[in-house]
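For reference, the structure is listed below as C-alpha cells.
Residue numbers begin at 1 in each chain, while the letters A, B, ... track the order of the sequences.
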There are 2 protein chains.
Amino acid sequence: MEKINSGPKRTHCIDCPLRRKSHFRDLNEEELAFVDGFKVGELSADPGATIFSQGTNSAHIYTILDGAAFRFKILEDGRRQILNYVFPGDMVGLQSFLMGEMQYSVESLSNLRLCVFERGRMMTLFEKHPSLAYDVTWLAAREERMLDENLLSVGRRTALERIAYFLAFLYRRAMAVGLADGTRLDLPITQRHVADTLGLSLVHTNKTLRRLTDRGLARWRDSSCEVLDPDGLQELAGWEGLSDTPRPFI
Amino acid sequence: MEKINSGPKRTHCIDCPLRRKSHFRDLNEEELAFVDGFKVGELSADPGATIFSQGTNSAHIYTILDGAAFRFKILEDGRRQILNYVFPGDMVGLQSFLMGEMQYSVESLSNLRLCVFERGRMMTLFEKHPSLAYDVTWLAAREERMLDENLLSVGRRTALERIAYFLAFLYRRAMAVGLADGTRLDLPITQRHVADTLGLSLVHTNKTLRRLTDRGLARWRDSSCEVLDPDGLQELAGWEGLSDTPRPFI
DNA sequence: CGTTATCTTGACTGAAATCAATCCCGGTGG
DNA sequence: CCACCGGGATTGATTTCAGTCAAGATAACG
C-alpha cells in the first residue's frame, strides 16, 4: 500500500514549476545555482506513506514539489494530534537538522513529490548564502505563526468556529499553491483528519460539519471537501486570514 | 500600575549573566563583540506590562535578560489563549522582523529586563555572522517544537494530563534558567494563566489541580506553585521532557 | 460479491463549562 | 486599629457541549 520511490534528480531548479506561481518569491540566478547543487534528489510517495517518523533521525530535509502531507504526533495509546499541513514550497525536517531527533511524524496525503536536501550541507547554506538562510528562518517563523493560530483554535474556539477556521485555512493555503480549483479542495482529506487537527471526536466533527452545510458554507463530497464561502467561514471563526505577500521557498 | 522603563545600555554582553549558566552555549569573542554592538539598549517592565501588542509593528526584537513573560492571542470577545512562555535567553519579536505585523501580544509575568535589538540591523547579522543566524533559526525551531507539544496537550490530553504536562514543562524550563529553587517556581503565575494556556476554564483548572495535590504531585501556594514530583507529572502526562543539551542565545 | 473505509445518525454518557457563593489575604485609607 | 476592597483560590449545584456507543448507509475495491 505505502510506497516510497527514491529517484534520480529529475527536475532542475531552473525548471522548478513553483517558480512560475505568483504566490512565490523567485530566487535569483546565483541562489538558484546553489540550490540546484544543494538538491541531492527527488522522492515520490503514495498517499499514506510515512515520510518522517517520530523519534528517528533523518539525514535529509525536504521541500514539497507537488502534493500535500501532514505533520502529527501520537501519544502511546494512539491518540493523534495533527500539527499542521505541508503544501508545495513548504519545507519539512528542519528540526532534525538543528536539533537532532524528530519529535513528530509526517505522512503523505496525496501523491507526493519532494526535493531532497542533505542536512549536512545546510551549514554551507548559512555560510555562503545569507539570503537563503534568511528565507529558511522566514519559513520557520511562518510555521510558528500558523501553529499559534492553530493553538488559539484548539484552545479557545468552539467546535463550529474551529471547523470554520480550519476549512477556510486549508482552502486559502490550497488556493495559493493551486491545490484547489473553484470551491473544491484537491486533496483526499477525511473527516478523521479534520477531527485530529482540531482535537475533536470524529462523530462530533461530522455533526458540526452538517451545521456548516446547512448554513451553506461548506460541503463534504467523496473524501474531499468543498468550501463554498471562505469569507463566511472566516467571519464565523473570527479569523483574519493569511497574509498574501509573496513568500520565499527553497 | 503597568510601567515600562527604557533605559540606557547597562550590561555589556561580555558581562552577560546568562553566559555563566551551564544551560547556555556561550558565544566566542568575535560574536560577542558583534552582539554587543547590535544591542541598542535595555528595557525593564513591571509585572503585567504589555511588551508587544497584537496587530502592531515593532521596530525592536528582544531577548529576555531576567524575569518571565508570556505570548498570547485574544479573540474579539476576550477569550484568551496563552501560546507560550518566555524565559531568560529567549527571543521575542522575530516574527515582526521577518513578516511585519505581530500576530500575538506579550505581557510580563514578573519584573522583566530585556535586551533591545533593532530589527533593521538584523539583516546584517545574517550577512556577517552565519553562526548567529544559525542560532536565531535554532531558537525558532525550538519554539516550534514547544508549540507542537502544546498543541498535542490542548488537542488530545485530558485535563489532568494537560495540567501535569504543563507544570512539569514550566518547572523544567524555570529550573534550567534559575527561576525555580527546589520545588518552588519563582514566578507569580495564577490559575487563570494555567487555564488560558491549556484551553480550560478557571474552575475546572482549580478542581483538577486539587486532584494533583491529592496525589502529592504539585501544590498551589500564594499565587505560585510548587512542583513536588516533576517525574511523576511527566509520567502521568506521557511526556518525554525537554532536551538538556546546551542551547544558544543571543 | 464480500470487504473495508468513510460518512451519517440517533441514543446515551460524561467531562468540562457556567453559575453562584465563600473564603482568604494583603493592601489602603478613615 | 480596623473596616473595606479587590484579586485570587475554592467549592457546590447545574447545564451544556462534546465524547462514546451502536447501527446503518454508501461507495470504492479486489
Nucleic acid contacts - residues 190-205 of chain B versus DNA chain C, non-hydrogen atoms under 4.0 Å
B/G199, B/L200, B/S201, B/V203, B/H204

Does anything in residues 201-212 of chain A pair up under side-chain hydrogen bond (donor to acceptor under 3.5 Å, both in side chains), and if so which pairs, sequence neighbours excluded?
A/Q191-A/N206

Without decimals, in angstroms, what is the distance between [X] [atom1] and [N] [atom2]?
| X | N | atom1 | atom2 | answer |
| --- | --- | --- | --- | --- |
| B/I163 | C/dA15 | CD1 | C1' | 13 Å |
| A/R211 | C/dT9 | CZ | P | 14 Å |
| A/K207 | D/dA18 | NZ | C1' | 10 Å |
| B/N206 | C/dC23 | CG | C1' | 12 Å |
| B/R221 | C/dC24 | CZ | P | 16 Å |
| B/R162 | C/dA15 | CZ | P | 13 Å |

So, does B/S105 use its side chain to make a donor-acceptor pair with the main chain of B/Q54 at under 3.5 Å?
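Side chain of B/S105 to backbone of B/Q54: a pair is present.
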
Specify the residue among B/T208 and A/L209 whose closest nucleotide of DNA chain C lies further upstream toward the 5′ end.
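Looking at DNA chain C, the more 5' nearest nucleotide goes with A/L209.
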
Could you go step by step and tell me if B/L179 and B/L185 meet the side-chain contact (heavy atoms from CB on, under 4.5 Å) rule?
CA-CA 6 Å; B/L179 281 176; B/L185 292 185; over 6 Å; no

Under the side-chain hydrogen bond (donor to acceptor under 3.5 Å, both in side chains) test, which residues partner [X], sequence neighbours left out?
| X | value |
| --- | --- |
| A/T190 | A/H193 |
| B/D90 | B/R142, B/R173, B/R247 |
| B/H60 | none |
| A/D77 | A/R79 |

side-chain contact (heavy atoms from CB on, under 4.5 Å) between A/N111 and A/D46: does it pass, once the steps are laid out?
CA-CA 5 Å; A/N111 284 309; A/D46 285 345; 3.6 Å; yes

When the axes are fitted on five pairs at both termini, how much does the helix from C/dC1-D/dG30 to C/dG30-D/dC1 curve, in 10° steps?
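Axis-to-axis angle, ends of the helix: 30°.
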
Checking side-chain contact (heavy atoms from CB on, under 4.5 Å) for the pair B/E143/B/N84: CA distance, chi angles, key distance, verdict?
CA-CA 8 Å; B/E143 179 71 15; B/N84 201 0; 3.1 Å; yes

What pairs of residues pass the ring pair (Phe, Tyr, Trp, His ring centres under 6.0 Å) test when at least one of them lies in residues 155-178 of chain A, not counting sequence neighbours?
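Ring pair (Phe, Tyr, Trp, His ring centres under 6.0 Å) check on residues 155-178 of chain A returns A/Y85-A/F166, A/Y165-A/F169, A/Y165-A/W239.
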
Working note: B/L233 + B/I163, criterion side-chain contact (heavy atoms from CB on, under 4.5 Å); need CA distance, chi angles, decisive distance, verdict.
CA-CA 9 Å; B/L233 290 168; B/I163 297 188; over 6 Å; no

All pairs passing salt bridge (charged side-chain N to carboxylate O under 4.0 Å, His left out) where residues 186-199 of chain B contributes a residue, at least two apart
A/R156-B/D196, B/R80-B/D196, B/R192-B/D196

I'd like to compare against my own output: the B/S/- annotation of nucleotides 25-30 of chain D with a strict under-4.0 Å heavy-atom distance to protein.
------

For DNA chain D, the residues among residues 68-85 of chain B that have a non-hydrogen atom under 4.0 Å from it
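Those residues: none at all.
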
Does A/Y104 have any ring-ring contact (aromatic ring centres under 6.0 Å, His included) partners at least two apart in sequence or in another chain, and if so, which?
none

